[in-house]
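These notes are about the structure you will find just below.
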Amino acid sequence: MLNKKIEKELNDQINAEYWSAYFYLSMAAYFESENLPGFANWMRIQYQEEISHVMKFFDYINERGGRVILKPIDAVKAEWNDPIEAFEDTYKHEQKVTELINNLVNISFEEKDHATYNILQWYVAEQVEEEAAADSILQQLKMLEGNKHGLLMLDRELKQRTFTDETAK
Ligand code: FEO
């Protein structure tokens, strides 16, 4: 059985993961409007990943006899000046999510909830990948220094990204 404090914290994290999904879907819409379908595809996959992060918490709360409560999702930004700004936001956001996950790890430790501590380790590892992926694209964009040809090449590359559900691992 989940204690009430952990249950509330996990429900808050579900909301944060949903916000992330919404944020990246908004970026997908922005990239579609900029005629960059590869970037839009990357963000659409990112959206799917965030939903899978939600569902992993959703299933876990239910498995532990807790109650999932879905709260309103705050509005997200809709416009960016350029792809660099969008990826700066992505990288910054993932760093913030890492902080949230680390905080949850600390709380689960304090509450001596070993099962929650254990499942959070998956998220700790996932955040390393999330930050690295966003930073890698950000660095490539910075190297392009606005070169349109390079941007289209990168767009083509990002079109290749496909969704695989990593949460089962
Ligand atoms: Fe759910 Fe992008 O972290």
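Positions are given from 1, in the same order as the sequence printed here. In each ligand, atom 1 is the first atom listed, and ligand 1 is the first ligand listed.
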Neighbouring protein N, O or S atoms of atom 2 (Fe) of ligand 1 [cut-off: under 2.8 Å, no waters] = Glu50 OE2, Glu94 OE1, Glu94 OE2, Glu130 OE2
Describe, in one word, how the ring planes of Phe87 and Phe39 are oriented to each other, choosing from parallel (under 30°), tilted (30 to 60°) and perpendicular (over 60°).
-> perpendicular
Of all pairs that satisfy salt bridge (charged side-chain N to carboxylate O under 4.0 Å, His left out), the ones with a partner from residues 53-72, not counting sequence neighbours = Asp12-Lys71, Arg64-Asp113
Using a distance-only test with no angle check, is there a side-chain donor-acceptor pair under 3.5 angstrom linking Ser20 and His93?
-> yes
Hey, quick one: are Ile69 and Phe57 part of the same hydrophobic cluster, counting side-chain heavy atoms closer than 4.5 Å, chains of contacts allowed?
-> no
Under-4.0 Å salt bridge between Glu7 and Lys4 = yes
Side chains of Gln127 and Gln95, donor plus acceptor under 3.5 Å = no
